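Here is the structure we will look at, set down as structure tokens.
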Amino acid sequence: MGRRQEAAEVKEMLSASRLVTLTGVGGVGKTRLALRVADEARRAFPDGVWLAELAELDNPALLAQGVTEALEIRDHSRRPALDVLVDHLRDRQALIVLDNCEHLLEECARLADRLLRAAPGLRLLATSRQALGTAGEQSLAVPTLGLPDPEGPRPTLATLARCDAIRLFTERAAAIVPGFELTEDNREAVELICRRLDGIPLGIEIAVVRLRALSVQQLLDRLDDRFRLLTTGSRTVLPRHQTLRALIDWSYELCTERERLLWARVSVFAGSLDLDAAEAVCSDEGIDREEILDLVTELVDKSVLLREEHRTAVRYRMLDTLRTYGRERLAAAGEEAVRLGRHRDYYRGLAADARAALFGPAQVQWFARLQLEHANLRTALEGCLAEPGQTGHGLEMAADLLYHWITSYYLGEGRRWLDQALALCAEPTGARARALWTDSWLAIIQSDTDTAAAMLEESRSIGTRLGLEPVLAYSSLYSGMVAMYRGETRSAIALYQEAVTRHRATGDPVGLALALIRLSLAHSFIGDSPRAITLGEESLAVCDAYGEGWHRAYTMMALGVDVWRQGDTARAAALEKDSLTFNRSLDDPLGVAVNLEVLAWIAATDRDHTRAARLLGALRTIWHAIGAPHSGYGHLIHYHQECEATVRRALGKPAFNAAFRSGARLSYTEALVYALEDELPSEETAVGGRPSPLTPRESEIAQLVAQGLSNKEIASSLVIAQRTAEGHIEHILSKLGFTSRAQVAVWVAEQHHTAETDGEQAPEDRA
């Protein structure tokens, strides 16, 4: 592996300075070196090593938000993202890689200064074309890859092969031309190519692609021709940024006209894209839609686009250097505004499609897709709100993304988009009324009920004036949430009932399910169990009729609360665990937190006080991470308080504190395993007894999958709900990075084989 000396130098710098910046021209390998150092230093940072990729972030105001997303912080509070970040990192020993800072240099410098002052255990490793310029920063100009001294003795073939630049060329060439090796016949040409490219890794990788059509010597000859033109015959070596630019120019010119068009047009995407997006945004005026697939394939073959495997689809990404080049070409051709408009319209349509498919079997796939598309959605929203004629579309798009804001890392960002759009679109239209009640739910989750009430009052006023029944239905629903939060239970019930009636009349299953869940919880709260159960069962029927999962999980949570209140703790626990399994698969921390709340109350009722105390400890960590305790479920807090008081009395202060701290030390994943498996985390083992990412229950289910059992048969065998079995299998696939049950079966067989092989070792080997 190359860069050993540089990696060692960076690690030494990190031990002496809390901010190290790797500088250098684009393509020199700053990111690769930073990631290598971060990986090798992982053990020194018990609270994690994190990568914040900033290339796709164009708005400086979203820098702190982007870093919180990279750190997987889901905060539902109203605090500024930078404050959330500071609070999260204050007592942690962590390393954050801030990658591609050059376009946000001042903002990154201010962010680094604030974080390092507040978090003494934090280290930052930045990559940028120039240093951030903050106090205490150490910087390393990343050199190009090593080559033999041109003035020194001729190295042996083996010595030459160990040079970093030659090694990279050889490895990439072997991937392009199977069987390629460095030989005495081609060594001189390979070395000269690497020298012409100044040992720049990106340059070498781009050039090697040409070996599909050229020999090594032909590649060298053409590089010589290209650079001779640029220097007008001068022997002066080109500056490195010009070297790379010249190579990219050459690669661009060697593309067909349609390939060049696609390269330029793809540059409007932020982050990654899929084939559907490429076809919608990049076709016409020189490229037919049917040609996009072949052209994408060609650009992948030429290493202009990078292919990324995801569980449900293939996506494509362009390196930042090539994206910037493509954007320049697009602007020069006068196409930039047109393609940005197509990009904006495509993602506006995608948001609308996601909203339409929200309540159905494709729900989770849509949630996952929107997360992958977040950078593009953000760019589209910025485009809408920046153009006076498009602000209304931006308002609608921000409202369409309601469930994206709620089920991901972006609740605070979603509220900011809605606030901004509402400020720009003051006309009392139906779109404004919908955006107001949408924004109100985000405000309720953030416990900002006064603002929510004001937005709902305006939304209802517009709905009444324009006769918009859906607006009146949702205004009633969220007004009921505000009333419940304020302790006005009877008023809340009346509002929820109004919402149920209106949603039934409009035939809206989403609003109906939400209203039934809240009405069920409210009736449970006043002790009307029969009514609460009836409402919960109706909500389940609505969800099942559409094959919907997320609202169903919340319905099971609500039913679990009332079943627990009736004293049937076993059934209540089963309902909560079934709900928790789905919320875990969706990675919904709010749903998870409420599930753990009810499981703690159940444990206290069952007099398993130590378990209850541990769950309360885990909950403190989770609610703190969310940033808004009991978000949207504030009326349940008295159950929490009663549970804690009961458990404290039963255990006594020392035992309660010990169990509470034990739960608080659990990671998010460990807390969920404990809640579902009733086991504290220990060294998890796989079916063969070797280290595994699976929990004992997941290992058990993996074995049944390997035996060919269906989900229904697994559920029957383990006496669990089929949905619970499906949730476990989804989590197994996610943990192992698989996409099929067949892969799980092969993995189980390999684990058994490895265990048997280990078992054949001599006793002294096993000791």
Side-chain angles (χ1 to χ4, degrees), residues 520-521 523-525 527-530 532-533 536 553-584 591-623 629-630 633 635-666 668-682 695-697 700 715 718-721 723-724 727-728:
S520 175
L521 283 168
H523 277 287
S524 176
F525 189 73
D528 187 354
S529 290
I533 295 296
Y554 275 79
T555 303
M556 288 188 290
M557 176 275 294
L559 283 170
V561 172
D562 199 77
V563 171
W564 160 70
R565 290 186 67 258
Q566 294 179 52
D568 189 350
T569 54
R571 182 170 173 240
L575 285 164
E576 293 302 329
K577 288 183 179 182
D578 213 357
S579 174
L580 175 57
T581 298
F582 184 88
N583 286 329
R584 177 175 72 166
V592 162
V594 179
N595 291 140
L596 263 63
E597 280 283 357
V598 186
L599 288 169
W601 310 338
I602 292 168
T605 302
D606 284 341
R607 299 188 178 183
D608 190 348
H609 297 116
T610 300
R611 173 173 167 78
R614 286 174 181 152
L615 288 171
L616 290 171
L619 276 163
R620 184 180 70 173
T621 303
I622 292 172
W623 281 126
H630 300 90
Y633 295 91
H635 67 285
L636 298 178
I637 197 166
H638 84 282
Y639 292 137
H640 178 102
Q641 293 167 342
E642 288 176 2
C643 173
E644 183 171 337
T646 299
V647 175
R648 282 183 182 276
R649 284 194 303 270
L651 289 178
K653 185 176 181 180
F656 175 85
N657 288 342
F660 188 91
R661 283 195 296 269
S662 172
R665 283 194 296 268
L666 297 177
Y668 181 78
T669 301
E670 289 169 343
L672 301 197
V673 170
Y674 180 54
L676 288 168
E677 308 289 341
D678 298 333
E679 298 174 2
L680 279 174
S682 56
T695 67
R697 174 65 102 182
E700 184 180 16
L718 299 178
V719 196
I720 58 177
R723 284 182 177 271
T724 301
H728 278 303

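Treat the numbers as computed from the prediction; the structure is a model and nothing was measured. These values consider heavy atoms only, across backbone and side chains, with no hydrogens, waters or symmetry-generated copies.
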Does R565 make a cation-pi contact with F525 (under 6.0 Å, within 45 degrees of the axis)? no
Note, Y554 side chain near V594 side chain (heavy atom, < 4.5 Å): no
Side-chain heavy-atom pair R614, F660 within 4.5 angstrom cut-off: no
Closest non-hydrogen contact found for R571 with V563 is NH1-CG2, 3.4 Å
Side-chain contact, heavy-atom cut-off 4.5 Å: T610 with F656? no
Report the distance from atom CD of Q641 to atom OG1 of T646, rounding to the nearest 0.5 Å. 11.5 Å
Look only at the side chain of R611 and the backbone of A675, and say whether a donor-acceptor pair between them is shorter than 3.5 Å. yes
Under a 3.5 Å distance rule, please check whether S662 uses its side chain to pair with a backbone N or O of A658 as donor and acceptor. no
Only counting residues at least two apart or in another chain, list the ones meeting ring-ring contact (aromatic ring centres under 6.0 Å, His included) with Y639. W564, W601
For S524 and V561, work out which heavy atoms get closest and say how close. OG-CG1, 4.0 Å
A612 to V647 - nearest heavy-atom pair and separation: CB-CG2, 3.7 Å
If the condition is side chain to side chain contact (heavy atoms under 4.5 Å, CB included), which residues does D528 pass it with, not counting sequence neighbours? H523, I526, P530, R531
Roughly how far apart are D562 CG and I533 CD1, rounded to 0.5 Å? 4.5 Å
Exercise: identify the closest heavy-atom pair between T555 and G536: CG2-O, 3.2 Å
Measure the spacing between CG of D578 and CG of L559 and express it to the nearest 0.5 Å. 11.5 Å
Would you indicate whether the side-chain heavy atoms of L596 and E576 approach each other to under 4.5 Å? no
Give the minimum heavy-atom separation between A532 and S520, together with the two atoms involved. O-OG, 2.8 Å
Do the side chains of L619 and E597 get nearer than 4.5 Å, heavy atoms only? yes
D606: partners by side chain to side chain donor-acceptor pair (under 3.5 Å), with sequence neighbours left out: T569
L672 and L580: side chain to side chain contact (heavy atoms under 4.5 Å, CB included), yes or no, with the steps? CA-CA 8 Å; L672 301 197; L580 175 57; 4.2 Å; yes
Under 4.5 Å between any side-chain heavy atoms of K577 and L599, yes or no? yes
Considering non-hydrogen atoms only, spot the tightest contact between A593 and I622 and give its length. CB-CG2, 3.8 Å
